[in-house]
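Hydrogens, waters and symmetry mates play no part in the numbers below; they use all other heavy atoms, side chains included. The shown structure was predicted, so the numbers you read here are calculated from the model rather than taken from an experiment.
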Amino acid sequence: MKAKYTKFSEQKANFTLIMAPPGWGKTSLIIDLLEKSPANRVWVFISPLRALSEEFHERVNSQFRSWFIGSTQEGNEKIKSFRLPQIIILSPEVLQNHWIEKLLEKKEVGFIIDEVHLFFKWGETFRPKLLDSFYEILSLNLPVIALSATVSDSLKEEIKKMVNDNKGNFEELNFGNFEFMNPPKRELSFGSNDTNKVNRLFLRMVLKKSRKRFLLFCKTREEVNNWLLIFQQRKISAIGAVGGEVKSFRENLLKQPDVKVIISTSVLGHGVNLPSLDFLFINYHVADYGLWLQMASRAGRRGEDFCLISCKHLKGIKGVKNKLKTGLIDYYFQFDTFFERITG
């Protein structure tokens, strides 16, 4: 694994796209990069996910001098510092061009762009600053390392063209794209409209398997709140996560490290360290396979076995067998032995 971490440092390109499965160890790669970087180099880590940025800062701050910049005002004050850090962590909306100019007066500068696919997916819709900042970074012609677990061929070609148009050199390192790092030991897939069946199975499993830990992804905040109320009434430990409240979720998780059930919208699909999970449920059809993979990969990140149950169409003989299982879901509950064999 160490060889993988150092391989990219030998690249002569000024833009390196690194693709690796969720849970592969991209954070460890960055730490290895910081250890090997010259003293006159500062890295700017840019992520569209604030919770992930905060968590990353907590991890690296004990080993390296780092700044987390949460606002433009905060950045304007910190950038005046005589002693610069090894790494600056921020979001695209916070980054200011004159900061880079100030940094370049004292140091060499490189960029680490995390979850680069989101700069395009979200930048073309509700967060245009993501795409704007990507263009601005490329125009500087400084070293860039872009990270992702899900880069389509068309996106890769688009990035490559943008790099070449800015007279840069593009290189890619593919350690696994659109892949599980640790596939589920068992997988059960329902139809796109089978939310109720998935919910029934989820509740049955939580009540039956007292020593197991579960994660359920659902579509809306209202669903998260409804499930939390159900488990509160049954005196089963559960915590929830929704958009804009991930920091609160992380605090609750620290207070309840042995929590049995986690309920979340797709907000936990990227980043945020979770405890080991035995069962992962996704109770609605996720049209974007990249997002589905990120969500489904929240379990098994420490190599543990887990069971994945979601609304995802399977093709071929695997799909036929799966359809027979899910088609009989109403009968599973009547036959515990068969039920156990199916779900583990």
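Every residue was checked against the salt bridge (Lys or Arg N to Asp or Glu O under 4.0 Å) condition with Lys219, not counting sequence neighbours, and none meets it. Partners of Glu55 according to the salt bridge (Lys or Arg N to Asp or Glu O under 4.0 Å) rule, which considers only residues two or more places apart in sequence or in another chain, are Arg250. Looking at residues two or more places apart in sequence or on another chain, you find a side chain to side chain donor-acceptor pair (under 3.5 Å) between Ser152 and Ser154. Evaluation of the side chain to side chain donor-acceptor pair (under 3.5 Å) rule for Ser310 yields Trp292 as partners, not counting sequence neighbours. Residues that satisfy the side chain to side chain donor-acceptor pair (under 3.5 Å) test with His57, not counting sequence neighbours, are Ser66. Remark: Lys161 engages Asp165 in a side chain to side chain donor-acceptor pair (under 3.5 Å) (not counting sequence neighbours). Under the rule for a salt bridge (Lys or Arg N to Asp or Glu O under 4.0 Å), the partners of Lys156 that lie at least two apart in sequence or sit in another chain are Glu172.
One distance of note links CD of Glu58 with CD1 of Ile89; it measures 10.0 Å at 0.5 Å rounding. A distance of 9.0 Å separates CG in Leu228 from CD1 in Ile239, rounded to the nearest 0.5 Å. Atom CZ in Arg302 sits 8.0 Å away from atom CG in Leu277 (nearest 0.5 Å). Considering CD1 of Ile236 and CZ of Phe214, their distance stands at 9.5 Å, rounded to 0.5 Å. The CG atom of Asp194 lies 10.5 Å from the CG atom of Asn199; values are rounded to the nearest 0.5 Å. The CZ atom of Arg301 sits 10.5 Å away from atom CZ of Phe306, with the distance rounded to the nearest 0.5 Å.
Listed by first then second residue, pairs satisfying side-chain hydrogen bond (donor to acceptor under 3.5 Å, both in side chains) with a partner in residues 251-279 number zero, not counting sequence neighbours. Applying the ring pair (Phe, Tyr, Trp, His ring centres under 6.0 Å) rule to pairs touching residues 234-268 yields nothing, sequence neighbours excluded. Applying the ring pair (Phe, Tyr, Trp, His ring centres under 6.0 Å) test to every pair with at least one member in residues 81-104, sequence neighbours left out, gives no pairs at all.
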Identify each donor-acceptor pair in which a side-chain atom of residues 123-137 lies under 3.5 Å from a protein atom, sequence neighbours left out, and give them as a table.
from	atom 1	to	atom 2	distance (Å)
Thr125	OG1	Lys121	O	3.1
Thr125	OG1	Trp122	O	3.1
Arg127	NE	Glu93	OE2	2.8
Arg127	NH1	Pro48	O	2.8
Arg127	NH2	Pro48	O	3.4
Arg127	NH2	Glu93	OE1	2.9
Arg127	NH2	Glu93	OE2	3.1
Ser133	OG	Lys129	O	3.1
Ser133	OG	Leu130	O	2.8

Extract all donor-acceptor atom pairs below 3.5 Å that involve side chains of residues 103-114 and protein atoms in other chains or at least two apart in sequence.
from	atom 1	to	atom 2	distance (Å)
Lys106	NZ	Ser81	O	3.2
Lys107	NZ	Ala39	O	2.8
Glu108	OE1	Arg41	NH2	3.1
Glu108	OE2	Asn40	ND2	3.4

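Here the side chain of Arg298 pairs no donor or acceptor atom with the backbone of Leu215 at under 3.5 angstrom. Side chain of Asn182 to backbone of Glu304: a donor-acceptor contact under 3.5 angstrom is found. A donor-acceptor contact shorter than 3.5 Å is absent between the side chain of Asn166 and the backbone of Gly168. Panel note: side chain Asp32, backbone Ser28; no donor-acceptor pair is recorded below 3.5 Å.
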- Hey, mind stepping through Ser47 and Phe56 against side-chain contact (heavy atoms from CB on, under 4.5 Å) and telling me if it holds? CA-CA 10 Å; Ser47 173; Phe56 176 69; over 6 Å; no
- Message: Glu115 vs Leu52, test: side-chain contact (heavy atoms from CB on, under 4.5 Å). Steps then yes/no.
- Response: CA-CA 10 Å; Glu115 307 292 354; Leu52 188 150; 4.2 Å; yes
- Message: Set out, in order, the CA-CA distance, both residues' side-chain angles and the distance that settles side-chain contact (heavy atoms from CB on, under 4.5 Å) for Leu155 and His117, then state yes or no.
- Response: CA-CA 8 Å; Leu155 177 56; His117 60 283; 3.9 Å; yes
- Task: Mind running side-chain contact (heavy atoms from CB on, under 4.5 Å) on Ile262 and Leu216 for me, showing each step along the way?
- Result: CA-CA 6 Å; Ile262 297 171; Leu216 170 68; over 6 Å; no
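Nearest heavy-atom pair across Val272 and Ala51 is CG2-CB, 4.1 Å. Cys218 approaches Tyr284 most closely through the heavy-atom pair C-CE2, 3.4 Å. When all heavy atoms are compared, the tightest approach of Cys311 to Val198 is SG-CG2, 3.8 Å. Smallest separation of non-hydrogen atoms from Val224 and Gly240: CG1-CA, 4.0 Å. When all heavy atoms are compared, the tightest approach of Pro85 to Val42 is O-CG2, 3.3 Å. The two atoms that bring Phe178 and Gly290 nearest to each other are CE2-CA, 3.9 Å, heavy atoms only.
Hydrophobic clustering keeps Leu293 apart from Leu49 (ILVMFWY residues linked when any side-chain heavy atoms are closer than 4.5 Å, directly or through intermediates). Following chains of ILVMFWY side-chain contacts shorter than 4.5 Å, one can reach Leu207 starting from Ile230, so the two form part of one hydrophobic cluster. Hydrophobic clustering (ILVMFWY, side-chain heavy atoms < 4.5 Å, transitive): Leu138 and Leu140 are in one cluster. Residues Leu90 and Val246 do not share a hydrophobic cluster, defined by chaining ILVMFWY side chains whose heavy atoms lie under 4.5 Å apart. Under the 4.5 Å side-chain heavy-atom criterion for ILVMFWY residues, a single connected hydrophobic cluster contains both Leu118 and Val151.
Taking 4.5 Å as the limit, every side-chain heavy atom of Val206 sits out of range of all side-chain heavy atoms of Arg234. At least one side-chain heavy atom of Ile30 sits less than 4.5 Å from a side-chain heavy atom of Leu147. At a threshold of 4.5 Å between non-hydrogen side-chain atoms, the residues Phe231 and Leu203 count as touching. The shortest distance between side-chain heavy atoms of Ser297 and Phe180 falls below 4.5 Å. Side-chain atoms of Arg59 and Ile31, non-hydrogen and from C-beta on, do get closer than 4.5 Å to each other. Side-chain contact between Glu35 and Phe64 is present, with heavy atoms from C-beta onward closer than 4.5 Å. Leu188 is not listed as a side-chain neighbour of Cys307, based on a closest heavy-atom distance of 4.5 Å or more. Between Phe190 and Leu201, some side-chain heavy-atom pair lies under the 4.5 Å cut-off.
Ion pair Arg221/Glu245 flagged as a salt bridge, since at least one NZ, NE, NH1 or NH2 atom sits closer than 4.0 Å to an Asp/Glu carboxylate oxygen.
A donor and an acceptor atom, one from each side chain of Glu223 and Asn283, are located under 3.5 Å apart.
Of the residues Phe279, Phe217, Trp227, the one that meets the ring pair (Phe, Tyr, Trp, His ring centres under 6.0 Å) test with Phe202 is Trp227.
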